[in-house]
Protein chains: 2
Amino acid sequence: MDLTHTEENYIKVIHHLSNGGQQLVSTNSLANYLGTSPAAITDMIQRLHQKGLIIYQKYQGVNIAAPGTAKAMQILRRHRLWEVFLVKKLKFTWDEVQEVAEELEHVQSDLLIRRLDDYLDHPSYSPHGEPIPDIHGEIKTQAQIVLSQLEIGSTGTLVAVKDDSAPFLQYLNKKNIYLGAVVKVLEKNSFDQSMEISIDGSIGITISPKASDNLLIIC
Amino acid sequence: MDLTHTEENYIKVIHHLSNGGQQLVSTNSLANYLGTSPAAITDMIQRLHQKGLIIYQKYQGVNIAAPGTAKAMQILRRHRLWEVFLVKKLKFTWDEVQEVAEELEHVQSDLLIRRLDDYLDHPSYSPHGEPIPDIHGEIKTQAQIVLSQLEIGSTGTLVAVKDDSAPFLQYLNKKNIYLGAVVKVLEKNSFDQSMEISIDGSIGITISPKASDNLLIIC
DNA sequence: TAATATATTTAAGTTAGCCTAAATTTGTTT
DNA sequence: AAACAAATTTAGGCTAACTTAAATATATTA
């Protein structure tokens with residue numbers, strides 16, 4: 001089923017605000033999130049319910065339905081692949097990608113997304129560390145842990161940051177720490193919780209506990 | 001001024017059908033080209049005239065105005081850069097690009113287009129051999145002639161096709177004839193107007209007059 | 001539990017972009 | 001030049017996606 005850009009956005013937001021279907025989403029929270037009037041929300045959710053993409057009962061809020069989830073996964077896949085493209089190939093910074101990816105995600109062409117995926121070597125994570133659904137809409141869920149919990153001698157792949165404020169990102173930049181890097185814990189200093197790590201085989205880098213608590217890795 | 005996707009499409013088509021402003025375009029020809037009713041055309045051209053993008057007099061047809069030309073150049077630039085990307089990077093074939101580029105050209109981000117242009121090394125021609133306007137909307141014009149007029153022993157660079165129907169593009173594909181190639185005329189058979197040519201120094205390839213009349217080259 | 005506040009829906013209206021049918025202008029032919 | 005044909009515009013309507021204002025349902029609290 002083909003949706004309009006707006007319908008796709010609603011589906012994406014309902015999927016997000018319902019935590020993937022775990023909770024009901026109120027009309028007001030949608031209106032608030034999307035910056036439209038509650039009346040506009042009611043209008044649209046009635047249409048999406050009609051189409052079977054969401055579950056809706058008058059005055060009771062909405063939830064995403066199975067076909068809606070599939071659609072949401074497709075949109076997330078497109079969005080995150082474009083983000084990878086923008087950052088890896090076009091040298092966008094993390095904070096520049098959102099707006100453009102928001103538009104690119106609505107370009108309708110399965111062939112395009114398949115080729116883009118090939119071109120990018122089938123990435124599993126966006127530059128923000130969000131998992132990229134595969135072509136079937138499946139997300140490979142791998143438990144993420146904070147770097148500070150990794151044991152000495154163990155390695156993991158850096159996939160996300162908890163704090164994506166500019167100062168922290170600049171700090172990471174300066175220390176040559178980037179997403180996708182293989183991190184190895186060389187040492188832990190128990191008296192101040194600082195860590196010595198190597199990034200993709202580099203020599204030891206010292207990072208503070210504040211940093212290691214905000215870096216997410218998979219093993 | 002920001003235009004809707006539809007308005008951008010109208011501007012593009014009016015620019016095209018007016019030959020860049022050289023002739024008036026009738027309501028009917030627009031309706032025909034766009035596959036909509038003449039009434040819808042009248043609707044839209046009144047709006048575009050209001051915005052100063054086209055020149056319009058009731059019952060007299062329209063022409064592109066200077067601001068419309070600037071907009072058309074911007075759209076053509078986006079379209080053709082995306083075409084280069086799709087073909088060069090994503091391995092699309094000539095006949096696969098049109099539809100997707102048609103969507104991508106409407107993504108609004110000057111930064112995106114600037115970065116894409118950098119990434120592609122500032123190409124001057126699309127895969128169909130159409131010139132790509134620069135960031136100021138200027139087109140570097142070089143006289144194009146049809147291959148059939150090239151003399152024996154002369155060479156030229158293939159930059160465009162007159163006929164870009166799928167069958168013709170597939171024919172070219174099969175004969176290993178591609179845009180950007182250096183073409184040399186080896187022989188001309190006067191009885192059937194067929195030609196022997198070499199492509200980037202290849203051995204002789206025989207092409208029909210129908211083909212050589214539809215291949216545009218610069219010398 | 002009744003009164004009140006909040007959330008949600010309905011009603012009526014708007015704009016973009018289309019449609020068909022009717023009216024009007026322009027072009028062509030005799 | 002009048003009559004007809006073709007092209008164009010106007011009029012009235014439709015859907016998607018919004019708006020504000022009014023009505024109604026739900027939640028809260030005295």
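Chain letters run A, B, ... following the sequence lines, proteins first, then strands; residues in each count from 1. Below, all heavy atoms of this structure are taken into account, side chains as well, without hydrogens, waters or symmetry copies.
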Check A:Arg77 with A:Asp117, please: is the shortest side-chain N to carboxylate O separation under 4.0 Å? yes
Under 4.0 Å from any atom of DNA chain D, heavy atoms only: list the residues of residues 34-59 of chain B that qualify, in numerical order. B:Pro38, B:Ala39, B:Thr42, B:Gln46, B:Tyr56, B:Lys58, B:Tyr59
Please determine, for the side chain of A:Thr4, which listed nucleotide (C:dT8, D:dA17, D:dT8) has the closest atom? D:dA17
Closer than 4.0 Å, any side-chain N/O of B:Ser26 to the OP1 or OP2 of D:dA7? no
Under 4.0 Å, heavy atom to any atom of DNA chain C: which of residues 17-25 of chain B qualify? none
Taking CD from B:Glu7 and C1' from C:dT15, how many angstroms apart are they, rounded to a whole number? 11 Å
CD/B:Glu99: more than 12 non-hydrogen atoms of other groups inside 6.0 Å: no
Any Lys/Arg nitrogen of B:Glu7 or B:Lys51 sitting under 4.0 Å from an Asp/Glu carboxylate oxygen of the other? yes
Nearest to the side chain of B:Thr6, which nucleotide is it out of C:dC18, D:dA17, D:dT8? C:dC18
Side-chain touch A:Glu102/A:His5, heavy atoms, less than 4.5 angstrom: no
Close side-chain approach of B:Val25 and B:Ile54, heavy atoms under 4.5 Å: no
To the nearest Å, give me how far apart CD (B:Gln60) and P (D:dT9) are. 9 Å
Name the residue from A:Gln74, A:His79, A:Glu105 that meets the side-chain hydrogen bond (donor to acceptor under 3.5 Å, both in side chains) definition with A:Lys12. A:Glu105
With rounding to the nearest 0.5 Å, note down the distance linking CE in B:Met195 to OG in B:Ser212. 5.0 Å
Specify whether B:Tyr171 and B:Phe168 have parallel, tilted or perpendicular ring planes, treating 30° as the upper limit for parallel and 60° as the lower limit for perpendicular. parallel
D:dT8 OP1/OP2 closer than 4.0 Å to side-chain N/O of B:Asn28: yes
